[in-house]
Amino acid sequence: SAASDVYKRQAQAAFLIGKANAIRKIEKKHKSYVLDRSICEDASIFFEYFKEVYQLDDLTCLNYQYLYDLIDDCTPKEDISIICTIDYESVVNRIISRDKFNAYVEGYVNSVYDRYTKFIEEKRGNQNTYICDSNIFDWTDDKVCKLIIDDVQRLIDRDASNSDINLNVLRAHI
């Protein structure tokens, strides 16, 4: 339907704007925050997925790129970036085990996983980018979350001259 096509063209722009507004509101309060997905991640993975699957037209893609560039320039960059990695089979098993999902869509999961793999590789060597190997550390476990929080605190508190820091879970993405 025509309404469905409009939604497909506008959904990712709405997500991008919503995230940017949330960041802006928090920044005004001078508070620390954690994002579950960066603006760059939304654009690199999910917009590209929508673009391919729904065959978005050139004007929609150009407008999204302009909007992304503007928002990316106007929002602060992350102090620390944590990327959780996991093998494909474990991703599938975790999705299937969730109560809120009643159907597993292989094409979607495979496409998004492939995009994440590329995205993660592009982030290799970025300063303050760390990996949590979710095959080893289940970040949904409270004990692991506490270790991650401890690692983040150590990274925040570290002496700038000390590049060697003992972390529990996180590893530099080199």
Side-chain angles (χ1 to χ4, degrees), residues 1-23 33-78 80-141 144-145 148 169-174:
S1 76
S4 176
D5 288 344
V6 169
Y7 172 78
K8 291 170 189 170
R9 289 193 306 269
Q10 302 302 322
Q12 285 306 120
F15 294 146
L16 182 67
I17 292 167
K19 184 161 288 194
N21 279 333
I23 291 169
Y33 56 92
V34 175
L35 291 177
D36 65 335
R37 185 168 290 126
S38 70
I39 288 174
C40 176
E41 192 174 344
D42 275 335
S44 298
I45 296 167
F46 295 97
F47 180 76
E48 291 300 319
Y49 171 80
F50 270 75
K51 182 171 116 178
E52 178 184 310
V53 170
Y54 297 116
Q55 299 175 351
L56 299 180
D57 61 87
D58 291 344
L59 182 58
T60 299
C61 294
L62 185 63
N63 283 337
Y64 182 88
Q65 186 62 52
Y66 286 150
L67 179 62
Y68 169 77
D69 290 344
L70 176 66
I71 288 173
D72 187 49
D73 287 346
C74 296
T75 53
K77 302 306 173 234
E78 61 272 359
I80 298 171
S81 180
I82 300 170
I83 300 172
C84 297
T85 59
I86 192 166
D87 65 80
Y88 182 75
E89 184 179 320
S90 296
V91 168
V92 171
N93 290 335
R94 286 185 185 183
I95 290 172
I96 290 172
S97 71
R98 293 179 187 164
D99 290 336
K100 67 181 182 177
F101 289 100
N102 56 9
Y104 164 69
V105 182
E106 184 171 343
Y108 170 77
V109 175
N110 191 35
S111 179
V112 169
Y113 187 86
D114 288 346
R115 292 174 198 286
Y116 264 111
T117 300
K118 181 180 175 190
F119 176 81
I120 291 167
E121 189 56 35
E122 289 171 356
K123 299 297 177 193
R124 184 175 298 283
N126 284 7
Q127 185 177 9
N128 290 327
T129 299
Y130 296 87
I131 295 290
C132 174
D133 184 340
S134 297
N135 289 309
I136 299 170
F137 302 104
D138 181 358
W139 54 265
T140 63
D141 180 305
V144 172
C145 282
I148 293 171
V169 175
L170 302 179
R171 301 291 171 253
H173 187 40
I174 51 176

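In this text the structure is predicted, and so the values were computed from the model without any measurement. We count residues from 1, following the sequence as given. Keep in mind that the numbers below use all heavy atoms, side chains included, and drop hydrogens, waters and symmetry copies.
- The two residues Asp138 and Val144 come nearest to each other via the heavy atoms O-CB, 3.4 Å.
- Expressed to the nearest 0.5 Å, how far CG of Asp87 lies from CG of Asn135 amounts to 4.0 Å.
- For the side-chain hydrogen bond (donor to acceptor under 3.5 Å, both in side chains) test, residues two or more places apart in sequence or in another chain that qualify with Asn128 are Arg158.
- At a threshold of 4.5 Å between non-hydrogen side-chain atoms, the residues Leu56 and Phe47 count as touching.
- Residues forming a side-chain hydrogen bond (donor to acceptor under 3.5 Å, both in side chains) with Ser44 (at least two apart in sequence, or on another chain): none.
- Residue Val91 comes nearest to Ile86 through the heavy atom pair CG2-CG2, 3.1 Å, listed as atom of the first residue, atom of the second, then distance.
- Going from atom CZ of Arg171 over to atom OG1 of Thr129 covers 15.5 Å, rounded to the nearest 0.5 Å.
- Listed by chain and number, the residues in a side-chain hydrogen bond (donor to acceptor under 3.5 Å, both in side chains) with Arg94 amount to none (sequence neighbours excluded).
- Residues Glu52 and Arg115 are paired through a salt bridge, judged by an N-O separation under 4.0 Å between the basic side chain and the carboxylate.
- Under the 4.5 Å side-chain criterion, counting only non-hydrogen atoms from C-beta, Lys51 is not in contact with Gln12.
- With a 4.5 Å cut-off on side-chain heavy atoms, Asp42 and Lys19 count as touching.
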Full working for side chain to side chain contact (heavy atoms under 4.5 Å, CB included) between Leu62 and Tyr66: CA-CA 6 Å; Leu62 185 63; Tyr66 286 150; 3.5 Å; yes
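- Cys132 places a side-chain heavy atom less than 4.5 Å from the side chain of Ile148.
- A distance of 4.5 Å separates NE2 in His173 from CD1 in Ile131, rounded to the nearest 0.5 Å.
- Atoms SG and CZ, on Cys145 and Phe137 in that order, are 12.5 Å from each other to the nearest 0.5 Å.
- Between Tyr49 and Tyr108, a ring centre-to-centre spacing shorter than 6.0 Å is recorded.
- Counting all heavy atoms, side chain and backbone alike, Ile83 lies closest to Lys123 at CD1-CB, 4.0 Å.
- Residues satisfying the side-chain hydrogen bond (donor to acceptor under 3.5 Å, both in side chains) criterion with Asn21, sequence neighbours excluded, are Arg24.
- Below 30°, between 30° and 60°, or above 60°: for Phe50 and Tyr54 the angle between ring planes is between 30° and 60°, a tilted geometry.
- Rounding to the nearest 0.5 Å gives a distance of 9.5 Å between CD1 of Ile39 and CD of Glu78.
- Looking only at side-chain heavy atoms (C-beta outward), Tyr64 and Leu16 come within less than 4.5 Å of each other.
- Under the salt bridge (Lys or Arg N to Asp or Glu O under 4.0 Å) criterion, Glu121 pairs with Arg124, sequence neighbours left out.
- Summarising the geometry, atom CD1 belonging to Ile71 is positioned 9.0 Å from atom CD1 belonging to Ile23; distances are rounded to the nearest 0.5 Å.
- Within the structure, salt bridge (Lys or Arg N to Asp or Glu O under 4.0 Å) pairs that include any residue of residues 62-76 comprise Asp72-Lys77 (at least two apart or interchain).
- Checked by atom type and distance alone, the side chain of Tyr130 never pairs as donor or acceptor with a backbone atom of Leu170 at under 3.5 Å.
- Between Tyr88 and Val92, some side-chain heavy-atom pair lies under the 4.5 Å cut-off.
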